[in-house]
Protein chains: 2
Amino acid sequence: MTGNKTRTQYEARARVIKAMAHPSRLLIIDELNRRERCVHELTEIVGTDISTVSKHLSVLKNAGIVTDEKRGVMVYYRLRVPCILNFFGCVESVLKQAAKDSLSVVG
Amino acid sequence: MTGNKTRTQYEARARVIKAMAHPSRLLIIDELNRRERCVHELTEIVGTDISTVSKHLSVLKNAGIVTDEKRGVMVYYRLRVPCILNFFGCVESVLKQAAKDSLSVVG
DNA sequence: TCATTCCTTGGCCAATTTGCCAAACGGCCC
DNA sequence: GGGCCGTTTGGCAAATTGGCCAAGGAATGA
């Protein structure tokens with residue numbers, strides 16, 4: 001029964017994946033892969049309102065993808081699971097394949 | 001924008017990831033990794049209305065994750081990019097880490 | 001204490017997503 | 001043609017998301 005994967009497990013996975021499914025959050029993940037960053041820095045990089053970035057970060061944090069650490073007035077975020085980046089390699093494969101067949105995803 | 005990646009590229013990636021970000025679609029991907037399946041079979045596995053499954057499949061297809069092939073009356077779907085599955089390994093890492101800190105994602 | 005800086009939260013609105021039902025489409029066989 | 005089966009599409013309601021603005025902490029320094 002629980003032999004393999006339950007619906008609950010798929011839901012858990014989906015929550016993690018969903019947390020990544022936004023351009024700004026992907027940008028944030030990419031940036032945090034380089035080094036930790038405070039919210040203010042990320043806001044400049046992303047280019048939207050700081051409240052919006054803060055909400056994106058809380059989505060990522062809630063999904064277990066990033067951690068935060070308060071040092072003084074600043075809150076520094078960093079990636080919690082480095083392998084997230086391999087992930088992107090695969091997504092690129094999809095996009096490359098899609099490009100061959102000129103699907104609309106490639107945008 | 002800081003790096004060599006444009007917003008457009010992040011949007012393309014997000015579209016692919018977003019297409020995966022649903023429990024039923026993850027289940028479908030997992031199943032298609034075993035072997036190709038027609039819509040009717042997938043409907044039994046997923047357990048929702050066939051029209052709902054069909055829409056999930058069109059999301060996956062549009063993202064370049066699956067292909068379909070009509071043979072007679074049936075439409076068979078299969079994975080287009082096998083590495084999608086490695087992807088899950090990483091998601092599991094996230095969940096495992098999250099479990100350690102008992103975050104809510106694990107649900 | 002007060003002001004400043006950094007960040008988070010609440011409120012609101014527009015846009016998107018998900019599910020079902022019902023209807024349409026497309027092969028196939030009689 | 002007519003009927004059946006497998007699949008897709010349209011339409012609708014409920015729920016979720018993403019963005020901004022404004023207000024609410026929390027740490028620091030004057």
Side-chain angles (χ1 to χ4, degrees), chain A residues 7-8 10-29 31-32 36-63 65-78 103-105 107, chain B residues 7-8 10-29 31-32 36-63 65-78 103-105 107:
Chain A
R7 169 141 297 262
T8 313
Y10 284 110
E11 282 163 2
R13 287 177 172 193
R15 274 191 289 275
V16 174
I17 296 176
K18 199 170 174 184
M20 293 193 256
H22 188 285
S24 299
R25 295 199 289 265
L26 291 180
L27 174 49
I28 289 171
I29 288 171
E31 186 57 32
L32 293 183
E36 65 171 20
R37 291 289 202 181
C38 68
V39 181
H40 180 71
E41 287 171 325
L42 290 171
T43 298
E44 289 188 338
I45 292 166
V46 173
T48 60
D49 195 88
I50 190 172
S51 70
T52 301
V53 172
S54 179
K55 278 175 187 170
H56 281 314
L57 286 167
S58 92
V59 169
L60 290 172
K61 183 179 161 186
N62 233 284
I65 294 169
V66 305
T67 342
D68 60 341
E69 185 190 345
K70 184 155 193 170
R71 295 208 290 278
V73 199
M74 327 278 275
V75 178
Y76 288 93
Y77 282 83
R78 59 171 170 277
L103 288 178
S104 56
V105 232
Chain B
R7 169 143 297 262
T8 313
Y10 285 111
E11 282 164 2
R13 287 179 173 191
R15 273 192 289 274
V16 174
I17 296 175
K18 199 171 174 183
M20 293 193 255
H22 188 284
S24 298
R25 295 199 288 266
L26 291 180
L27 174 50
I28 289 171
I29 288 171
E31 186 56 32
L32 293 183
E36 63 170 21
R37 291 290 202 181
C38 68
V39 181
H40 181 72
E41 288 171 325
L42 289 172
T43 299
E44 288 188 339
I45 292 165
V46 173
T48 60
D49 195 88
I50 191 171
S51 70
T52 302
V53 172
S54 179
K55 278 175 187 170
H56 281 314
L57 285 167
S58 92
V59 169
L60 291 172
K61 184 179 161 186
N62 234 285
I65 295 168
V66 305
T67 342
D68 61 340
E69 185 189 345
K70 186 158 194 169
R71 294 207 290 278
V73 199
M74 326 280 276
V75 178
Y76 289 93
Y77 282 84
R78 59 170 171 278
L103 288 177
S104 55
V105 234

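Chain letters run A, B, ... following the sequence lines, proteins first and then strands; every chain starts at 1. Everything quoted here is computed from the prediction, not taken from an experiment.
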Candidate pair B/Asp68 and B/Leu57, rule side chain to side chain contact (heavy atoms under 4.5 Å, CB included), full reasoning: CA-CA 9 Å; B/Asp68 61 340; B/Leu57 285 167; over 6 Å; no

Given the rule in the side chain to side chain contact (heavy atoms under 4.5 Å, CB included) test, do A/Arg78 and A/Glu69 qualify, once you have shown the distances and angles that lead to the verdict? CA-CA 9 Å; A/Arg78 59 171 170 277; A/Glu69 185 190 345; 3.2 Å; yes

List the steps, then state whether side chain to side chain contact (heavy atoms under 4.5 Å, CB included) holds for B/Leu42 with B/Leu32. CA-CA 9 Å; B/Leu42 289 172; B/Leu32 293 183; 4.2 Å; yes

Go through B/Ile65 and B/Ile29 one step at a time and tell me if the side chain to side chain contact (heavy atoms under 4.5 Å, CB included) criterion holds. CA-CA 9 Å; B/Ile65 295 168; B/Ile29 288 171; 4.2 Å; yes

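Residue A/Leu42 contributes atom CG, which lies 12 Å from atom C1' of C/dC7 at whole-angstrom precision. For the pair B/Glu69 CD and D/dG6 C1', the interatomic distance rounds to 16 Å; values are reported in whole Å. At whole-Å resolution of the value, CD1 in B/Ile50 and C1' in C/dA22 are 14 Å apart. Distance CZ (A/Arg37) to P (C/dC7): 12 Å, rounded to an integer number of Å. The distance from atom CG of A/Leu57 to atom P of C/dC6 is 16 Å, rounded to the nearest whole Å. Protein atom CG of B/Asn62 is 14 Å distant from nucleotide atom C1' of D/dT9, rounded to whole Å. What separates CG of A/Asp68 from P of C/dC7 is a distance of 11 Å, to the nearest Å. Going from atom CG of B/Leu60 over to atom P of D/dT7 covers 16 Å, rounded to whole Å.
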Check nucleotides 10-17 of chain D against the protein and report each pair of N or O atoms closer than 3.5 Å, with its distance, or say if there are none.
{"from": "D/dG10", "atom 1": "O6", "to": "B/Lys55", "atom 2": "NZ", "distance (Å)": "3.1"}
{"from": "D/dG11", "atom 1": "O6", "to": "B/Lys55", "atom 2": "NZ", "distance (Å)": "2.6"}
{"from": "D/dT17", "atom 1": "OP1", "to": "A/Lys18", "atom 2": "NZ", "distance (Å)": "3.3"}

Please write out each protein N/O paired with an N/O of nucleotides 25-29 of chain D under 3.5 Å, distance rounded to 0.1 Å.
none

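You'll find the side chain of A/Thr52 reaches within 4.5 Å of the side chain of A/His56, heavy atoms only. The side-chain heavy atoms of A/Arg7 and B/Leu27, taken from C-beta on, include a pair separated by under 4.5 Å.
A donor-acceptor contact shorter than 3.5 Å links the side chain of A/Ser58 to the backbone of A/Lys55. For the pair A/Arg25 (side chain) and A/Ala19 (backbone), a donor-acceptor distance under 3.5 Å is present. Judged purely by atom type and a 3.5 angstrom limit, A/Glu41 uses its side chain to pair as donor or acceptor with the backbone of A/Cys38.
Residues A/Ser24 and B/Asp49 each lie close to DNA chain D; by heavy-atom proximity, the contact nearer the 5' end of the strand is made by B/Asp49.
Residue B/Tyr77 is classed as a sugar-phosphate contact, given heavy-atom separations below 4.0 Å to backbone atoms only.
Neither OP1 nor OP2 of D/dG19 sits under 4.0 Å from any side-chain N or O of A/Thr52. Within the structure, every side-chain polar atom (N or O) of B/His56 is placed at least 4.0 Å from both OP1 and OP2 of C/dT17.
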